[in-house]
Amino acid sequence: YQIGITKYFMDSLTTSYKNFQYCIDRGYEEGDCFSWQGLIWVRVDSMAKACKFFQKAKLSGDTYADTLISEYCTNKLIK
């Protein structure tokens, strides 16, 4: 999980995404990982995919997901 965050900030987005998926597949910090994956989609300018991941994060119990949804998905043109 921490490796995924580190890779995100190092702009190694593919590796970061895979690290978060690895954690999700094992049931570790699922909500947080979905949020991070959503943020990766924001970075590559795919808002529709980002918003889907933020919704998954919310359903997985990530309390920060509402903030992300509000910031990136509400009342905006989604690509």
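Quick caveat, the model's predicted, so the values are computed rather than measured.
Of the possible polar contacts, one joining the S16 side chain to the G4 backbone as a donor-acceptor pair under 3.5 Å is found. Side chain of T6 to backbone of Q2: a donor-acceptor contact under 3.5 angstrom is found.
The distance from the OG1 atom of T14 to the CG atom of N19 is 11.0 Å, given to the nearest 0.5 Å. Between R43 atom CZ and Y17 atom OH the span is 15.0 Å, to the nearest 0.5 Å. Once rounded to the nearest 0.5 Å, the distance linking CD of Q55 with CG of D66 reads 8.5 Å. Going from atom CG of L59 over to atom NZ of K56 covers 10.0 Å, rounded to the nearest 0.5 Å.
The stretch residues 24-38 participates, sequence neighbours left out, in no salt bridge (charged side-chain N to carboxylate O under 4.0 Å, His left out) pair at all.
A chain of hydrophobic side-chain contacts below 4.5 Å, direct or via other Ile, Leu, Val, Met, Phe, Trp or Tyr residues, connects V44 to V42. The hydrophobic cluster containing F20 does not contain M10, counting ILVMFWY residues as joined when their side-chain heavy atoms lie under 4.5 angstrom apart, directly or transitively. Taking hydrophobic clusters as Ile, Leu, Val, Met, Phe, Trp and Tyr residues chained together by side-chain heavy-atom distances below 4.5 Å, I3 does not share a cluster with W36. Clustering ILVMFWY residues whenever any of their side-chain heavy atoms sit less than 4.5 angstrom apart, transitively, puts W41 in a cluster other than the one holding Y22. The cluster map of Ile, Leu, Val, Met, Phe, Trp and Tyr, joined by side-chain heavy atoms under 4.5 Å apart, puts Y1 and L39 in the same cluster.
Distance check for C33 and C23: the SG atoms are not under the 2.5 Å cut-off.
Note: F53 and F34 have tilted aromatic rings, judged against thresholds of 30 and 60 degrees for the angle between ring planes.
Under the 4.5 Å side-chain criterion, counting only non-hydrogen atoms from C-beta, T15 is not in contact with K18.
Across every non-hydrogen atom of A57 and S35, the tightest pair is CB-OG, 3.2 Å.
Residue L13 places its CG atom among more than 12 non-hydrogen atoms of other residues, nucleotides or ligands, all under 6.0 Å distant.
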